[in-house]
Amino acid sequence: MSGSASGPDGLVERRAPAPVDHARGAMSTGRWMWEWTKAISTAILLFLTVRTFLVEAFKIPTGSMEGTLLIGDFLLVNKAVYGAEIPLTHRRLPAFSNPGRGDVVVFLPPHDPHKNYVKRIVGVPGDTLEMRDKVLMRNGVRQDEPYARHTDPLGDQADPKMLWQLDHTLDRALTWRTYHPSRDNWGPLVVPPGKFFALGDNRDRSEDSRYWGFLDQSAVKGRPMFVYYSFEHDLANALPWLTSVRWDRIGSIIR
């Protein structure tokens, strides 16, 4: 019989089982946990690095860019192109380019610096801008904007929120008594250094630079690259993110 032997009196001697090496088992478990901890920590660190300096995901919550972007679009935004901000500092990494006319950008607006906005830059430092009957003029030239959308032919009343423009109008003789800017008629005004003027493509349904002022260059976070997911909001559908996917929009390049 295995594990036993006969003594001189014919009795069977049983050998004691080999002792269990608890230390080795504990060491193996500890090494396994350490390897998993390192893998998870590395993955988290890599994710945070990519999100902070390279690309970040954003969701479109309003219709201010309709025609170009829709409510329910999810975007991947290139944060490196304009120089990503280093966390806990006011410094930025070197930029590959500066925001330019026609760029769609993600930024923090001056009136709500904790909320991401998405608009299109229509004016850069030194530009003279004005709008006449919904037509944008830049440096005296009428702009061809195929992406601009106009859905409301009425309702163009003067808006007191736009009186901030008085400090930047080309005609310095204008006063709050003589200047009455409205959604479709305003300016001409000059974009100061380090600032941009941004409009939503859905011009009649957009809260943009016309109302809250110029966009500071340091507030620009990045440029959207493409739509990586999109679904249509449907209050009657409990799972629109699953059953109302806009497959034709996934992968759309943003211009």
Side-chain angles (χ1 to χ4, degrees), residues 55-56 58 60-62 64-69 75 77-86 90-132 134-149 159 161-170 181-225 254-255:
V55 296
E56 187 173 351
F58 290 89
I60 300 298
T62 71
S64 67
M65 287 291 290
E66 278 191 355
T68 302
L69 300 171
L75 318 176
V77 175
N78 184 340
K79 300 179 71 173
V81 63
Y82 301 135
E85 183 176 353
I86 302 174
H90 295 289
R91 298 185 176 183
R92 303 177 76 99
L93 296 176
F96 293 97
S97 67
N98 292 318
R101 302 185 189 103
D103 286 356
V104 177
V105 297
V106 173
F107 60 91
L108 300 173
H111 70 294
D112 193 359
H114 303 291
K115 185 177 180 179
N116 293 308
Y117 274 44
V118 182
K119 308 291 181 190
R120 187 183 299 272
I121 290 178
V122 300
V124 299
D127 281 344
T128 298
L129 303 172
E130 63 179 307
M131 185 171 282
R132 294 291 172 256
K134 299 182 184 293
V135 177
L136 179 67
M137 309 285 289
R138 183 167 58 230
N139 301 325
V141 179
R142 177 189 177 113
Q143 299 301 299
D144 180 22
E145 300 182 290
Y147 42 77
R149 181 178 181 182
D159 193 325
K161 290 187 295 184
M162 302 176 70
L163 287 175
W164 68 268
Q165 298 177 5
L166 271 174
D167 294 333
H168 303 278
T169 52
L170 196 61
S182 64
R183 180 191 66 192
D184 302 332
N185 293 275
W186 48 268
L189 52 87
V190 180
V191 182
K195 305 289 185 178
F196 299 95
F197 199 89
L199 295 178
D201 287 355
N202 190 5
R203 295 288 163 80
D204 298 342
R205 297 285 187 272
S206 176
E207 181 186 8
D208 47 39
S209 285
R210 291 173 290 187
Y211 304 100
W212 42 253
F214 295 111
L215 167 63
D216 194 90
Q217 183 168 359
S218 63
V220 178
K221 299 183 68 174
R223 185 168 65 199
M225 298 182 293
I254 299 168
R255 296 182 174 88

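Since the structure is predicted, the reported quantities are computational estimates derived from the model, not experimental observations. Numbers for residues simply follow the sequence, beginning at 1.
- Residues V106 and E56 have side chains not in contact (no heavy-atom distance under 4.5 Å, counting atoms from C-beta outward).
- Side-chain contact check for M131 versus L199: some heavy-atom pair is nearer than 4.5 Å.
- Listed by chain and number, the residues in a side-chain contact (heavy atoms from CB on, under 4.5 Å) with P192 are H168, K195, F214 (sequence neighbours excluded).
- Using a 4.5 Å cut-off on side-chain heavy atoms (C-beta onward), V124 and P99 make no contact.
- Between K221 and Y82 there is no side-chain heavy-atom pair separated by less than 4.5 Å.
- Classified by interplanar angle (parallel below 30°, tilted 30° to 60°, perpendicular above 60°), the ring pair Y117/F107 is tilted.
- Between R205 and T62 there is no side-chain heavy-atom pair separated by less than 4.5 Å.
- Contact annotation: the side chain of E207 approaches that of H111 to within less than 4.5 Å [non-hydrogen atoms, C-beta and beyond].
- The shortest side-chain heavy-atom distance between N116 and L108 falls under the 4.5 Å cut-off.
- Salt bridge absent: R210 and D159 never bring a charged side-chain N and a carboxylate O closer than 4.0 Å.
- Looking at residues two or more places apart in sequence or on another chain, you find a side-chain contact (heavy atoms from CB on, under 4.5 Å) between S182 and D156, N185.
- A salt bridge does not link R120 with E145: every distance from a Lys NZ or Arg NE/NH1/NH2 to an Asp or Glu carboxylate oxygen is 4.0 Å or more.
- With sequence neighbours left out, K134 forms a salt bridge (charged side-chain N to carboxylate O under 4.0 Å, His left out) with D184, D204.
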